[in-house]
Amino acid sequence: MSKEQEFKQKILIADDSEMNRSILIGMLESEYQIIEAENGIEAITAIQKYGPELSLILLDIVMPEMDGFGVLEVMNKRRWIDEIPVIMISSESSSFHVERAYQLGITDYISRPFDALIVHRRVVNTIVLYAKQKKLAGLVMEQIQEKEKQSSLMIDILSHTVEFRNGESGLHVVHIRALTKLLLEHLVQISDKYQFSREEISMISTASALHDIGKISVPGEILNKPGRLTKEEFEIMKTHTTIGAEMLENLSFHQDEPLVKEAYAICRWHHERYDGRGYPDGLKGDEIPIHAQIVALADVYDALTSERVYKKAFAHEEAIRMICGGECGAFNPLLLKCLTDIADTLQESLNNTGANHTDAQELQDILDEKLHPKELSASERTAQLLEHERMKCSFYASMSEEIQFEYTLNPAMLTLSGWGAQKLGLPEIIVEPQENDKAVSIMTAEDMKKLGEILRSTSPKEPVVKYDCKVNAGGESRWMRIIAQAMWSFEETSKYTGAIGKAVDIHEARLRLDALERMASHDTLTRLLNIDYAERRIEERLSAGGEYVLMLLDVDNIKEANDSRGRLFGDQVLTHVAEILRQNTGEGDIAARVSGDEFLYFAKSDSDGEQTADRLMAALRGEWEGFKISVCMGIVSAGNGKKDFRELFMKADRALLEAKKDGPGQRRYKNE
């Protein structure tokens, strides 16, 4: 690998068609280092190998071994999709495939055939956007780390001061924080009753370090007495719970901070017991805040396994036995389960606990949670939806061959879409358009006056107008239809402020509309109807009544054709099959491509559909370019009240699966 290649950003292209990969490589290899994968398994292997080095993945849907959806599912399970953007490039253009791809986390979807310039621009934009997001995330991470470091430092200094007076090493504070975090993390895994976010877990474990802050007021001779405390001494020792809570309660600032509130509850109630025999308030069961219960359990475990002036340390196993056996007071059964569940790894976790209590991965998890919250407020959702709509409008305006415009009265300004400005030979923004010679030459003065009059004659309830006139576009006079919506001020509904709209070449619009309708209703490869449009047509027939038969056909051995002679040849086989279906489609029958090598045929029933099935099987059986063609078929009767297309489709699909088990060229009839 050359040094130049080494420093290029890496793009993974996963497509089983060598031709498709070659086209994309030709477009991108001068700027990026390209990695190729012929199927989904190779794609997963490449992602594992290169990981964060990948700047982008260009992914096909239909591939052997594992398809594109399978790759996306693995990326979601392993959270790769959060780090590596994916653009799906496929000839599968049905709404089902597009929606599923976006649900699985792709950044963009490009349908074949595509424009090379558009693909290149989307690739560059996606890589730049993700690079900016990573940089922003890094800056946020640094800020969180610094804030956590400063907060932990101050709390540790204060907590260790208390531990120093208590004649301890200071590890008690560290252990309590670690134990609290471990117990909280396991609690949310095994119980739906308690749902703490990663940020809340981090904050509660930090607050736990202050649990014994009230001991600063307890005399040293009582704190460090080697023998059993007298009743009077124990009463003094018990005051550390209320004194610690009062110290936090009497702060003249930060009373509304969650950390202060959590620390108050922990200080006051971490010596309460589940059976009500604790202190200072004798709370019982769930009257005790759960985080105070957790700190209580952590405190007892660490006290048992640590050496004190009044006792030797117990072994880990003995401490667990004593706690679960009730020798150290009563605890929440759910928390005891948490303790026993993590017992095997507990000592190792505590030994690995250092001064930096919140490690990089924990901070990354907190950051991910902040950047991808599960629930958003209404205002946040509204802002996101508005931004999403703005981006869509901007994109559609840039792609649409229409002269889109916005005109404001005060200040007088005309804003054109990029394509519209190019078509008219004008800049995109024109201030005072009435004084711009080029702008006023676009329409006649009479048409301009007439358009202004009909816009002003509208109302806020009916603001849309249509006006046909000749427009000078690039030196050529063309009939255009202007569709505009008058804009009105919110404060004064009678005040006209301008208009937004578009001008469409009437002749070209009719041609484009015909082409778009055909693209929307037909499969791009085979030119048969697509499954979405076929579904609507079939449901119309079923609603009208009558007897019908629905057939699903699967071309046998198409994978063999792709593997032995290339994906392009396999596509030619599918096109040949589609042409045979088209030639054998009777009046009123419907033939469509479902996806991949599956087709649909819907026809009036000839008693049980057997004759139609025989006719199609015979027509499709044969050879093309030396490749033997046959199909498996699943058949289901339709009509007689059976109007649900999805239900009929699933029955036919089950029949097709059974036919495929019987071998090539078989068919099954399913009439449930």
Side-chain angles (χ1 to χ4, degrees), residues 1-90 92 97-98 100-112 114 116 118-141 360-361 364-365 367-368 371-372:
M1 184 190 302
S2 67
K3 283 213 166 186
E4 182 184 355
Q5 281 288 98
E6 185 179 347
F7 290 107
K8 284 183 177 180
Q9 291 174 295
K10 294 182 178 68
I11 293 179
L12 170 62
I13 299 176
D15 195 315
D16 61 335
S17 169
E18 186 176 356
M19 178 179 292
N20 290 341
R21 295 200 307 274
S22 297
I23 292 171
L24 292 169
I25 290 170
M27 293 162 43
L28 302 168
E29 65 180 348
S30 62
E31 299 173 61
Y32 303 98
Q33 182 183 337
I34 306 299
I35 298 157
E36 297 182 66
E38 295 183 4
N39 56 59
I41 299 296
E42 288 188 10
I44 294 299
T45 303
I47 299 171
Q48 286 177 316
K49 179 179 179 181
Y50 294 100
E53 295 179 37
L54 291 175
S55 297
L56 179 68
I57 298 174
L58 299 177
L59 184 65
D60 187 23
I61 292 180
V62 182
M63 294 185 293
E65 307 295 338
M66 177 188 285
D67 64 12
F69 291 135
V71 173
L72 290 173
E73 286 170 357
V74 173
M75 291 185 70
N76 275 274
K77 286 178 183 176
R78 301 185 184 181
R79 296 183 67 178
W80 294 339
I81 198 72
D82 296 333
E83 301 296 327
I84 310 170
V86 178
I87 296 178
M88 189 154 271
I89 302 181
S90 177
E92 303 290 345
H97 291 98
V98 176
R100 186 180 177 195
Y102 276 111
Q103 286 174 344
L104 288 170
I106 68 165
T107 304
D108 205 350
Y109 193 106
I110 301 175
S111 297
R112 291 194 181 96
F114 51 71
I118 291 175
V119 172
H120 182 269
R121 176 42 54 192
R122 291 195 192 178
V123 165
V124 172
N125 287 351
T126 300
I127 290 175
V128 170
L129 176 62
Y130 263 70
K132 288 180 178 178
Q133 286 179 338
K134 284 185 177 181
K135 184 177 180 181
L136 177 60
L139 292 172
V140 174
M141 173 70 82
Q361 184 57 54
Q364 183 62 56
D365 290 341
L367 178 59
D368 289 343
L371 294 178
H372 306 286

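Computation of the quantities below employed the complete heavy-atom set of this structure, encompassing side-chain atoms and omitting hydrogens, waters and symmetry-equivalent molecules. Quick caveat: nothing in here was measured; it's all calculated off a predicted structure.
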K8 side chain vs I34 backbone, donor-acceptor pair below 3.5 Å: no

Charged N to carboxylate O under 4.0 angstrom, R112 versus D60? yes

If you measure from [atom1] on [X] to [atom2] on [Y], what distance do you get to the nearest 0.5 Å?
{"X": "R122", "Y": "L58", "atom1": "CZ", "atom2": "CG", "value": "12.0 Å"}
{"X": "T107", "Y": "L129", "atom1": "OG1", "atom2": "CG", "value": "8.0 Å"}
{"X": "N125", "Y": "H120", "atom1": "CG", "atom2": "NE2", "value": "10.0 Å"}
{"X": "L28", "Y": "I127", "atom1": "CG", "atom2": "CD1", "value": "8.0 Å"}
{"X": "E36", "Y": "S22", "atom1": "CD", "atom2": "OG", "value": "7.0 Å"}

Please report the shortest heavy-atom distance between Q9 and S55, naming the atom on each side. CB-OG, 3.3 Å

Distance-minimising heavy-atom pair for L56 and P85: CD1-O, 3.5 Å

Would you be so kind as to tabulate the donor-acceptor pairs closer than 3.5 Å made by side chains of residues 61-78, with sequence neighbours excluded?
| residue | atom | partner | partner atom | Å |
| --- | --- | --- | --- | --- |
| D67 | OD1 | F69 | N | 3.2 |
| D67 | OD1 | G70 | N | 2.8 |
| E73 | OE2 | R100 | NH2 | 3.0 |
| N76 | ND2 | L72 | O | 2.7 |
| N76 | ND2 | L104 | O | 2.7 |

Does the side chain to side chain contact (heavy atoms under 4.5 Å, CB included) test come out yes or no for I44 and W80, once each step is laid out? CA-CA 10 Å; I44 294 299; W80 294 339; 4.2 Å; yes

Do you know which of I57, I11, L54, I47 makes side-chain contact (heavy atoms from CB on, under 4.5 Å) with I35? L54

A quick test of your reading: do over 12 heavy atoms of other residues, nucleotides or ligands sit less than 6.0 Å from CD of E18? no

